[in-house]
Amino acid sequence: MGEVIVVTSGKGGVGKTTTTANLGVGLAALGHKVALIDADIGLRNLDVLLGLENRIVYDLTDVTGGRCRLKQALIKDKHCEGLHLLPASQTKDKTAVNPEEMKKLCQDIAQEFEYVIVDCPAGIEQGFRNAIAGADKAIVVTTPEVAAVRDADRIIGLLEAAELRNPKLIINRFRYKMVQQKDMMSIEDIIDILAVDLLGVVPEDEQVVVSTNKGESVIQDERSRSGQAFRNIVRRIKGEAIPLMNLNQNGMLNKLRRIIGLK
Amino acid sequence: MLEFLTRLFSRESSTSKDIAKERLRLVLVHDRAGVSPQLLQALKSELIKVISNYMEIDEQGLEVNLDSSENQVALIANIPIKQMKRLPENIVSGP
């Protein structure tokens, strides 16, 4: 029986879907059988991030509605062996599925896969309740901004109310330089306020845009810093104790390393 | 450049990160307590009802707010008193 992990945030645009895609690709690259579920019914995006948008025949609501078998709806990733996607419906809305159906769906998928990662929609309404219904664990993504951390706090409260205790935090789009200048909240500031365990910190990285443009994942880019951060997070999910990477990219040594292609 | 100079000469003034953190802390006090404006309004009118049994207060000037300082959150009520009432015997003597 695999583990079902929901990736959530409350606020939109902080990087839930990017995180889901990268963790999926990263876990599959280590040889695990992984299924990604896009639970954002009506606004599917995960297919585009993975470059699988042209291969969708059936979607999540077809499975829960009994119009196809689970195997028919799961799309195999083209680059990554072991990675599968269950896309969201683009034509229906969030009420097309209920939490009981989602719970059953997650259980069924977890029979076949080691990791099931659910990409939760923004907000705290039915789409959120659907996405967390079948989850064993939760990852909360935030950025170092007041609005995003506030929403993360609300989500942590709702997760705990739903018996999903000890959610793990990913701080995304972190800018070391701005933190040094005291113009951005630090990791300690955010952890202090939210009082949750840190799963990882992903630095702001233009390479994410480049990868997304091409339908690839930055985690596969050996030289990208955000990719390194995601690779570390994947290993932490597997239970390894990996220290936080050095987030200072402006040091002379790091510059030199990048020039000669070590990082 | 100007920004750099102002920062250099005003070491004590809070940085934008400190402002962000403080704003966040205040907003979370309200969020976590589940305190809505409606709830504060209801609390206010009940306070008026109870206090009016003992003294005459300025209802317009009454202020009730959640306030957070250093490490604690307090319910701060500012209640201007117009006049004390002459208390009935049974309340003064008590049980």
Side-chain angles (χ1 to χ4, degrees), chain A residues 8-11 14 122-125 128 140-162 165-167 169 171-196 198 201 203-204 247-248 250, chain B residues 1-50 60-79:
Chain A
T8 180
S9 73
K11 188 176 177 296
V14 299
I124 54 172
E125 281 124 24
F128 168 75
V140 176
V141 183
T142 191
T143 58
E145 297 157 73
V146 177
V149 178
R150 180 200 198 172
D151 290 0
D153 185 77
R154 184 99 165 85
I155 285 295
I156 291 164
L158 291 170
L159 287 171
E160 289 185 345
R165 311 227 176 262
N166 302 321
L169 187 74
I171 301 174
N172 195 19
R173 312 193 67 167
F174 187 81
R175 297 185 188 206
Y176 181 84
K177 208 173 141 203
M178 287 192 76
V179 173
Q180 287 300 94
Q181 292 167 342
K182 301 219 184 291
D183 276 328
M184 182 176 266
M185 284 187 282
S186 67
I187 301 167
E188 293 74 25
D189 290 334
I190 297 169
I191 292 300
D192 179 38
I193 285 169
L194 293 178
V196 286
L198 185 67
V201 180
E204 173 85 65
L247 292 157
N248 182 2
N250 298 309
Chain B
M1 189 62 194
L2 185 70
E3 212 176 303
F4 172 75
L5 284 176
T6 36
R7 197 169 285 159
L8 194 69
F9 289 113
S10 59
R11 271 280 153 80
E12 294 307 303
S13 81
S14 44
T15 59
S16 80
K17 152 219 149 114
D18 291 329
I19 298 169
K21 202 178 174 192
E22 188 53 31
R23 289 177 59 214
L24 189 54
R25 219 159 58 87
L26 276 172
V27 83
L28 288 187
V29 165
H30 286 262
D31 287 1
R32 285 180 185 171
V35 175
S36 61
Q38 291 89 332
L39 192 139
L40 274 182
Q41 194 52 52
L43 173 67
K44 225 167 161 177
S45 36
E46 292 227 23
L47 271 177
I48 291 173
K49 220 160 62 187
V50 173
Q60 299 305 314
L62 181 101
E63 271 178 46
V64 178
N65 279 309
L66 275 184
D67 193 73
S68 73
S69 57
E70 286 308 306
N71 289 317
Q72 57 175 4
V73 180
L75 182 68
I76 307 282
N78 190 357
I79 311 166

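Not measured: the values here are computed from a predicted model. Here is how names work: the chains are called A, B, and so on, in the same order as the sequence lines, proteins then strands, and each is numbered from 1.
Contact count against chain B (heavy-atom pairs under 4.5 Å) is highest for A/Asp189 among A/Val146, A/Val149, A/Asp189.
B/Ser16 OG to A/Gln181 CD: the interatomic distance, rounded to the nearest 0.5 Å, is 9.5 Å. Interatomic distance, B/Arg32 CZ to A/Asp153 CG, rounded to the nearest 0.5 Å: 4.0 Å. For the atom pair CG (A/Leu194) and CG (B/Leu24), the distance works out to 7.5 Å, reported to the nearest 0.5 Å.
For A/Met185, the parts lying under 4.5 angstrom from a heavy atom of chain B are both the backbone and the side chain. At a 4.5 Å heavy-atom cutoff, A/Arg154 makes no contact with chain B through either its backbone or its side chain.
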